[in-house]
Amino acid sequence: MTEEDLNKYNVPRLQIKCTNVSGDYKETEWSYDLVYKHFTNEIVYINMGSTKIEKNKAGISLNEDGTLDLPIRNGVHIKHDAITLNLLAFAICGDIIEKIDLVKFKKKFPDKY
């Protein structure tokens with residue numbers, strides 16, 4: 001799946017996308033966006049926030065389960081907002097595009113959801 005595929009089949013959506021600033025993923029910038037198709041058929045990205053991360057290790061950061069390691073603040077925001085707004089949420093970094101698991105997030109906060 002590509003971001004172009006997401007734009008064909010998964011709009012509106014929330015997404016958090018990693019930009020490799022340093023070339024080796026030691027410095028990244030994550031952009032959190034609302035993505036939708038305007039009535040003129042243009043895909044519109046509305047920025048909801050961004051996070052810059054600097055780390056000592058090169059490469060894309062993955063969690064133990066193999067999913068992308070999202071920035072803490074915007075990672076929580078996208079999950080909460082996707083549940084509240086009933087939208088799909090995706091994380092994008094390099095060639096990796098993954099649907100964000102909201103069920104797992106809901107289980108962490110059973111009193112909220």
Side-chain angles (χ1 to χ4, degrees):
M1 180 184 326
T2 66
E3 192 170 351
E4 198 172 280
D5 292 334
L6 286 178
N7 291 340
K8 282 184 193 174
Y9 306 112
N10 296 292
V11 287
R13 72 174 180 275
L14 297 173
Q15 76 177 31
I16 189 163
K17 184 176 182 178
C18 170
T19 300
N20 181 2
V21 176
S22 62
D24 60 1
Y25 288 97
K26 281 187 176 182
E27 292 179 46
T28 56
E29 184 166 357
W30 291 80
S31 177
Y32 168 37
D33 302 308
L34 167 65
V35 183
Y36 72 95
K37 187 179 269 190
H38 192 267
F39 73 91
T40 61
N41 281 332
E42 301 276 332
I43 298 296
V44 178
Y45 295 79
I46 298 177
N47 185 265
M48 308 275 279
S50 63
T51 304
K52 292 182 181 182
I53 296 177
E54 294 181 27
K55 57 186 185 158
N56 295 328
K57 189 171 107 179
I60 295 172
S61 294
L62 300 175
N63 294 313
E64 290 178 8
D65 63 359
T67 59
L68 291 170
D69 186 18
L70 303 180
I72 294 169
R73 183 177 54 89
N74 282 325
V76 170
H77 286 293
I78 193 170
K79 292 170 188 172
H80 170 77
D81 294 347
I83 293 166
T84 303
L85 299 172
N86 197 28
L87 291 172
L88 294 174
F90 291 87
I92 304 169
C93 190
D95 293 336
I96 302 170
I97 297 177
E98 61 187 32
K99 186 176 174 186
I100 296 174
D101 183 0
L102 301 175
V103 173
K104 196 173 171 182
F105 183 73
K106 286 180 184 180
K107 287 180 181 177
K108 277 186 169 179
F109 304 98
D111 58 321
K112 298 273 184 197
Y113 305 105

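- Listed by first and then second residue, the ring-ring contact (aromatic ring centres under 6.0 Å, His included) pairs that reach into residues 43-72 come to none, sequence neighbours excluded.
- A distance-only check finds a donor-acceptor pair linking the side chain of D5 to the backbone of T2 [under 3.5 Å].
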Go through W30 and N74 one step at a time and tell me if the side chain to side chain contact (heavy atoms under 4.5 Å, CB included) criterion holds. CA-CA 8 Å; W30 291 80; N74 282 325; 5.8 Å; no
Could you give me the CA-CA distance, side-chain angles and deciding distance for L62 and L68, then say whether side chain to side chain contact (heavy atoms under 4.5 Å, CB included) is met? CA-CA 5 Å; L62 300 175; L68 291 170; 3.8 Å; yes
One pair to check against side chain to side chain contact (heavy atoms under 4.5 Å, CB included): L14 and L34. What are the steps and the verdict? CA-CA 5 Å; L14 297 173; L34 167 65; 3.9 Å; yes
Applying side chain to side chain contact (heavy atoms under 4.5 Å, CB included), run through V35 and I43 and close with a yes or a no. CA-CA 7 Å; V35 183; I43 298 296; 3.6 Å; yes
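- No donor-acceptor pair under 3.5 Å is formed between the side chain of R73 and the backbone N or O of T51.
- The backbone N or O of G23 lies less than 3.5 Å from a partner atom in the side chain of N20, making a donor-acceptor pair.
- The number of heavy-atom neighbours closer than 6.0 Å to CG of N47, taken from other residues, nucleotides and ligands shown, is above 12.
- Nearest approach of I97 to E3, heavy atoms of both residues: CD1-N, 3.4 Å.
- Judged purely by atom type and a 3.5 angstrom limit, E29 has no side-chain atom pairing as donor or acceptor with the backbone of S50.
- Within a 6.0 Å sphere centred on NZ of K104, other residues, nucleotides and ligands contribute 12 heavy atoms or fewer.
- Although no hydrogens or angles enter the test, the distance criterion places a donor-acceptor pair under 3.5 Å between the side chain of D65 and the main chain of T67.
- You'll find the side chain of K79 reaches within 4.5 Å of the side chain of L102, heavy atoms only.
- In this structure, the ring pair (Phe, Tyr, Trp, His ring centres under 6.0 Å) partners of H80, at least two apart in sequence or on a different chain, are Y113.
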